[in-house]
Amino acid sequence: HVQLVESGGGSVQAGGSPKLACVASGDIFTRYYMAWFRQAPGKEREGVAGIVSDGRTRYADAVKGRVTISKDNAKNTLYLQMNSLKPEDTAMYYCAADRTEDYCYGPVIGVGPSSYWGRGTQVTVS
């Protein structure tokens with residue numbers, strides 16, 4: 001069973017650059033595709049960024065050029081560096097893990113029904 005714990009959220013001013021982290025239980029990054037999602041109040045959850053086992057990445061158009069997803073396999077930690085934040089980036093941010101990398105390359109960044117999720121970290125931009 002995979003456990004994911006996010007951190008790094010909070011209240012930031014527009015233009016700020018927080019860095020989110022997601023610590024995973026165990027050595028999963030070589031076997032799982034990892035992704036960041038977000039959900040704003042009243043909106044559907046959306047994929048923000050994904051990274052597969054060999055390090056290739058994909059970004060949603062809404063954040064491309066402003067965020068960077070990375071991982072530290074030795075620390076079992078996934079990161080999301082966010083820059084130039086806008087009020088519309090306000091959301092609960094979640095990390096997720098899935099064994100199937102194909103979900104990173106669908107019409108949108110997604111995960112399957114057997115994915116694992118953290119509880120999220122809130123980012124509020126004002």
Side-chain angles (χ1 to χ4, degrees):
H1 182 70
V2 175
Q3 291 185 316
L4 304 171
V5 180
E6 302 94 336
S7 64
S11 296
V12 298
Q13 291 187 337
S17 301
K19 186 173 185 177
L20 307 184
C22 170
V23 179
S25 60
D27 175 19
I28 69 167
F29 289 170
T30 57
R31 296 178 287 116
Y32 282 77
Y33 139 61
M34 305 295 298
W36 285 99
F37 291 79
R38 67 184 182 184
Q39 187 166 20
K43 295 187 176 181
E44 292 187 356
R45 184 185 65 196
E46 62 175 349
V48 174
I51 185 167
V52 297
S53 57
D54 67 3
R56 288 176 294 155
T57 58
R58 181 186 178 189
Y59 298 95
D61 288 344
V63 300
K64 195 173 293 182
R66 297 191 297 120
V67 307
T68 302
I69 187 171
S70 63
K71 58 180 180 171
D72 186 329
N73 290 352
K75 295 182 178 180
N76 298 326
T77 303
L78 178 74
Y79 300 101
L80 186 71
Q81 174 68 58
M82 299 191 290
N83 301 307
S84 303
L85 282 185
K86 307 173 184 179
E88 51 263 44
D89 294 315
T90 294
M92 184 72 80
Y93 284 73
Y94 300 90
C95 71
D98 198 294
R99 286 187 177 273
T100 306
E101 295 186 345
D102 288 350
Y103 288 112
C104 186
Y105 298 111
V108 295
I109 297 170
V111 290
S114 300
S115 57
Y116 296 96
W117 290 85
R119 293 187 175 183
T121 185
Q122 176 70 35
V123 175
T124 302
V125 186
S126 60

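Aromatic ring pairs are classed by plane angle as parallel below 30°, tilted from 30° to 60° and perpendicular above 60°; the pair F37 and W117 is tilted.
Between I69 and L78, some side-chain heavy-atom pair lies under the 4.5 Å cut-off. Contact check for V67 versus Y59: side-chain heavy atoms found under the 4.5 Å cut-off. The closest side-chain heavy-atom distance from Q3 to Y116 is not below 4.5 Å. Using a 4.5 Å heavy-atom cutoff, the side chains of N73 and T30 are in contact. Proximity of V123 to M92: side-chain heavy atoms (C-beta onward) are nowhere separated by under 4.5 Å. With contacts defined as side-chain heavy-atom distances shorter than 4.5 Å, the pair E46/R38 qualifies. Within the 4.5 Å cutoff, the side chain of M82 has heavy atoms near those of the Y93 side chain.
Taking Y32 as the reference, nothing meets the ring pair (Phe, Tyr, Trp, His ring centres under 6.0 Å) condition, with sequence neighbours excluded. By the side-chain contact (heavy atoms from CB on, under 4.5 Å) test, R119 is found to be paired with no residue, residues two or more places apart in sequence or in another chain being considered. Every residue meeting the side-chain contact (heavy atoms from CB on, under 4.5 Å) condition with R56, not counting sequence neighbours, appears here in chain and number order: V52, D54, E101, Y105. Evaluation of the side-chain contact (heavy atoms from CB on, under 4.5 Å) rule for T90 yields Q122, T124, V125 as partners, not counting sequence neighbours. Residues satisfying the side-chain contact (heavy atoms from CB on, under 4.5 Å) criterion with D72, sequence neighbours excluded, are A74, K75, Y79.
Of all non-hydrogen atoms in I28 and A97, the two that sit nearest each other are CD1-CB, 4.1 Å. R45 and Q39 make their closest contact through N-NE2, 3.7 Å (heavy atoms, listed as atom of the first residue, atom of the second, distance). Closest of all the heavy-atom pairs between L80 and A49 is CD1-CB, 4.1 Å. A pairwise comparison of heavy atoms in A35 and I109 identifies CB-CG2, 4.3 Å as the closest pair.
The hydrophobic clustering, which links ILVMFWY residues whose side-chain heavy atoms are closer than 4.5 Å, places W36 and Y94 apart. At a threshold of 4.5 Å between side-chain heavy atoms, the hydrophobic network of Ile, Leu, Val, Met, Phe, Trp and Tyr places I51 and V63 in one connected group.
Put simply, SG on C95 and CE on M34 are 5.0 Å apart, with the number rounded to the nearest 0.5 Å.
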Could you go through residues 9-22 and list every donor-acceptor pair under 3.5 Å that involves a side-chain atom there, pairing it with any protein atom two or more places apart or in another chain?
from: S17; atom 1: OG; to: N83; atom 2: OD1; distance (Å): 3.1

Query raised in the report: Between D61 and K64, does a salt bridge (charged side-chain N to carboxylate O under 4.0 Å, His left out) hold up when you go through it step by step?
Result: CA-CA 5 Å; D61 288 344; K64 195 173 293 182; 3.2 Å; yes
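Between the side chain of N76 and the backbone N or O of V23 there is no donor-acceptor pair closer than 3.5 Å. At distances below 3.5 Å, at least one donor-acceptor pair connects side-chain atoms of R58 with backbone N or O atoms of C104.
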